[in-house]
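As structure tokens, the structure follows; a few thoughts come after it.
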Amino acid sequence: MTTKAFGARVARVEDERFLRGRGRYLDDLAADALHVALHRSPHAHARITDIDVEAVLDVDGVVAVYTYEDLTGAMADPLPLLIPHPDLTHGRTQYALAKDQVNYVGEAIAMVVAVDRYVAEDAAARIVVSYEFLPPVVGLDAARAADHLVHDDVPGNLAATSTQATGDAMAAISRAPHRLALDLDIERSACTPLEGRGTVAKWDTDNGRLEVWSSTQTSTGVRAAVAAKLGLDLSVVDVITPDVGGGFGVKVVHPWPEEVLVPMAAMALGRPVKFTEDRREHFISAAHERAQQQHVEVGFDDDGRILGLDVEIWHDNGAYIPYGLIVPIITTTQLLGPYKPPVYKATFHSLYTNTVIVTPYRGAGRPQGVYAMERTMDAIAAALGKDRAEVRAANFIQPDEFPYDQGLIFQDGKPLIYDSGDFPQMLDKVKALVGWDEFAAFRDEMRAEGRRVGIGLACYVEGTGVGPYEGGHIQVETTGKVKVSTGLTTQGQGHQTVFAQIVADELGVRFEDVEVVTGDTRRMPYAVGTYASRAAVMSGSAIALTARSVRRKALELAAEALEANVDDLEIRDGVVEVRGAPGAQISLGTLAVLSNPLRYAFDEASKAATQFSVGDPDKVPVPEGTSPGLESRDFYSPPRSTFASGMHAVIVETDPDTAEIRILKYAVVHDCGRLINPMIVEGQIHGGVAQGVGGALYERMVYDEHGQLLNASFMDFLMPYVTEVPETIDVDHLETPSPLNPLGIKGAGEAGVIPSAAVFASAIEDAEGIVITRMPISPSELYDLRRTHAGSDEAAVAAVEGDS
Amino acid sequence: MKPAPFSYVRPATIDEALATLAADPHAKVLAGGQSLVPLLSMRLAQPSTLVDINGLSELAFVRTDESGVRIGALARHRQVEDDGDAWRAQPLLRQALRLVAHPTIRNRGTTLGSVVHADPAAEMPAVAVLLGARVVAASVDGRREIDAADLFVGPLESALRSDELALEMVVPANPPRTGTAIDEIARRHGDFALCGVAAVVSVGENGAIETVRASYLAVAPTPHVLDLSEAFVDGTASDRNLDAAAEIASGALDPDADIHGTADYRRHLSGVLTRRVVRDAYTRATAPDAQGAR
Ligand SMILES: Cc1cc2nc3c(=O)[nH]c(=O)nc-3n(C[C@H](O)[C@H](O)[C@H](O)COP(=O)(O)OP(=O)(O)OC[C@H]3O[C@@H](n4cnc5c(N)ncnc54)[C@H](O)[C@@H]3O)c2cc1C
């Protein structure tokens, strides 16, 4: 009997290749390609008055140089605004090469193509650009003040203001017995995948085809964009995604300027051209996320139950807004988490600044929303002197209330309806895992040793598996090998493994015989992309449906070949057997041969399918409604998103002398519906937690007032090392299957990172007894907080004494 | 992030290296490359010639005798850290090297390279000044010895001339009844410190503290050494004395803020760390390690 692969801790098939250094990343391709280097703006805000490329032409090895003047047709238009929205009244996107103004340090102005990257950089450095300086708008305070405008024609620096409400929140708050207001801040960070962006393009003159390899999260998106920009028919453009060394969101943005400039140059020069982004370029010319200011008003009863919630958010979207309003929409909708405030209103303002663009980064706006909500929960608990877990429990949606309609519109334009979950049980589990009820005793013990500890808790709900669709293609080879392809891309998540697990079970073949290809438009031209924790739900479901079709087809062919009834057949380890008739069997490989009626034999196996050896002479070889080959292509399109959920708890220790923050225990309970591979889900969570530790305690983007990014390297942008990440992360699962897809699954890719800022703020606040309103937090900042806090205590004491 | 063009020379002898340095005032020595190569890649340094000394294996030595430890220009951090004789003669070397970067970087980076690179946040310059080390430099004109106290001119600026090659560093042995310690606060494990302090404490025959000196890194443009003995006139490492020492330190230092910490925070750390390292060095001065190191 084939062992069931779904749900098993199957080792990742990818790892053998990756660990042996056999991965093929973008920069490993096209060794013969020309290389590009970009001349980028050193200024955050300036008008370009002149670009002098004269000096470049003297550099040996330079093949071409491009500026905006050289762009024609659609290339001369701004890059697309990918996700329009009715509230996005002032959407602005950049040109592939700056036209007459630059709006952030790092914006591409000119592109040099040369024999290698060294020469290309030498040449790019010789380009002389003359500027007329404009005052830079850096940070949300400056954007909101709008003393200066990023874009002349965008008043107030406002790209959009958008409101969603389920009623009159302020009225509900004013009627509530208790009220609180909070002002919160969260700073920028970024995806920083180990492999930066990159694109290779080859123009095949003989066939009139363009082949593009890109380190992207959406090969079909890049394909459509390249075709549109270069005026090519889609059918002559192929986009292939090689191994991708991490994406985390930044690579779903497309087309990046280089992603269209490189193919343009390849066509013009008739030679392969490559762009490999370097680390500094990634910091200053890719994308960041997270920066928001938040104002929360909440009204609640004596139990801490929220009666009304009103949130206003100022979101820094950077210099341009190619990805639309997705991030702030997610913040304001997913802020609700597992809770059900009876009346909710959220408004966000998306503001331009002269800094790198802001687009989704793992979590995509949720970390900010969860931060706002969970800071509020802690504030309510503090105001009432109640246990923080109890206040949360008082606000939970109950298990019998699913599907639960939050009454809002989610990021996919569909209603925000939670499909399943069990929050009370999840809370019990996380409390047990972290030792919530024993913590008071632990704190006393530590205090006796002069040590300071705190515990934090944060809950979230994550909309995953957004549509519109994904597809699967499965073909059984005559060897019995099963070739699977899906159009979305892979950045190391383990898709090859989990999709093979699904196919092994659904089709009845050995896991080892399944081979999965992703992100190659030659194999699957219809696809959307890998983002929003959607790959397992979307492609997993599509592949399951496809496997079922292939299974049906195989059984029909086998019924004929074995002269048996379809209902009596079963498939095990790639062999169709007649139940109760030992020996009556046929392999899927043979069925693949038979499925393709042949005139010509080319080997022993194919003889079996030739015209004198098979088939009923009175029947059509390929009957209407069927097609040759044991293969199928099917699609899955969900009615709306599925909603995963989770709760994190952390115990931290803060050093009374140095204000250093150490993690003593980290616990996660996670519900992504049915688990395809618990080990891979745990890996995703571990990685997410590590990234979350970075975002909460180490990373930030330090811009000075001129808009220069001061820490654009891994020396000063403090991505945590393994030594900063908790040694163990305790994970427990809960499985509430989704009713929305054939496998009952939900997404898990982003989960680990979502509640980090919230859970650390909660724990540090608990350890220190100082309200935390800004994240991330460094020891230096905690030290400052302690001093202002001590100062204000003294001032308060002085004031009281002064009164008497 | 590709270096600007340069020519590359890998001399087989010291004389050849010196001749190359003399011939090109914009030449730079390449030792472990752990500081220089990133500077080249970011085009922050654009030397016209790189003089790669990795072929001069005669400089890959660590030699210890009763007077102290001699560290050749090609001795890697790791080699010095692992050397048992060097540790017994001058334990602060190993104590400090463990705080330098990560093992992979210590496998390549040289201790002398670190010293002459003169990064104000690096450990070894602060240790060199505290211990009164001397650097032997050579040029086509001959050799000279530079006291560590005179070596550090400013951030990333040493008294070494562009035509000079540092050949070795001579580090005096730890005197009897003397203990050493170093500690630092860095944002991440292995990072350059926000503040670091190394201390040397000597006690008399009776175990009473006689001298306390401490060296501060990352809180001044060059290593800053303070004599803290006055805080310990009664000869004990009492809390009160340690507090007084910490106060002297935070009063004497005027650190700059950077993106990782405010000036106040660093000053505060200098006090906290002063207490810690003086106490630890004092403990070692009175009770040597079983293998004889203090
Ligand atoms: C990620 C990272 C973290 C680090 N963290 C730390 C840390 O915490 N603490 C710390 O102290 N260091 C740290 N370093 C730096 C490391 O210690 C370097 O090894 C050291 O600073 C320089 O030694 P090197 O042999 O690599 O010198 P190189 O990089 O080869 O040279 C550095 C400079 O010194 C000059 N030079 C080198 N040798 C000689 C010589 N014999 N004569 C004349 N000039 C010479 C070179 O011309 C160059 O200007 C870190 C480095 C990295 C990459």
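Chain A is the first sequence line, chain B the second, and so forth, proteins listed ahead of strands; every chain is numbered from 1.
With a 4.5 Å cut-off on non-hydrogen atoms, D784(A) touches chain B through its side chain but not through its backbone. When heavy atoms are compared at a cutoff of 4.5 Å, E724(A) approaches chain B solely by way of its side chain, counted from C-beta outward. Of the atoms belonging to P38(B), not a single heavy atom falls under 4.5 Å from chain A.
Heavy-atom contacts from other residues, nucleotides or ligands closer than 6.0 Å to CG of D256(B) number 12 or fewer. Other residues, nucleotides and ligands contribute more than 12 heavy atoms inside 6.0 Å of the CD atom of E449(A). Atom CZ of R279(B) sits in a crowded spot, with more than 12 heavy atoms from other residues, nucleotides or ligands closer than 6.0 Å. No more than 12 heavy atoms of other residues, nucleotides or ligands shown are found within 6.0 angstrom of CZ on R774(A). The environment of D60(A) atom CG is sparse: at most 12 non-hydrogen atoms of other residues, nucleotides or ligands sit within 6.0 angstrom. In Q46(B), the CD atom is crowded: over 12 heavy atoms of neighbouring residues, nucleotides or ligands sit closer than 6.0 Å.
Side-chain contact check for H260(B) and N711(A): no donor-acceptor pair (N or O, by modelled atom type) lies under 3.5 Å.
Note: R117(A) CZ to M1(B) CE = 9.0 Å, rounded to the nearest 0.5 Å. The structure places OH of Y703(A) at 13.0 Å from CD1 of I259(B), a figure rounded to the nearest 0.5 Å. In this structure, CZ in R279(A) is found 13.5 Å from OG in S41(B), a value given to the nearest 0.5 Å. Within the model, atoms CZ of R266(B) and OG of S780(A) stand 8.0 Å from one another, a figure rounded to the nearest 0.5 Å. Rounded to the nearest 0.5 Å, atoms CG (D655(A)) and CD1 (I185(B)) are 7.0 Å apart.
Panel note: side chain Y265(B), backbone T658(A); a donor-acceptor pair is recorded below 3.5 Å.
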Would L710(A) and D258(B) count as a side-chain contact (heavy atoms from CB on, under 4.5 Å) here? Give the steps. CA-CA 10 Å; L710(A) 300 181; D258(B) 76 359; over 6 Å; no
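D122(A) and R43(B) are joined by a salt bridge, as a carboxylate oxygen and a charged side-chain nitrogen come within less than 4.0 angstrom of each other.
Considering only heavy-atom pairs separated by less than 4.5 Å from chain A, the leading option among H189(B), K2(B), R188(B) is R188(B). The candidate with the highest count of non-hydrogen atom pairs below 4.5 Å against chain A, out of D264(B), V272(B), L194(B), L269(B), is D264(B).
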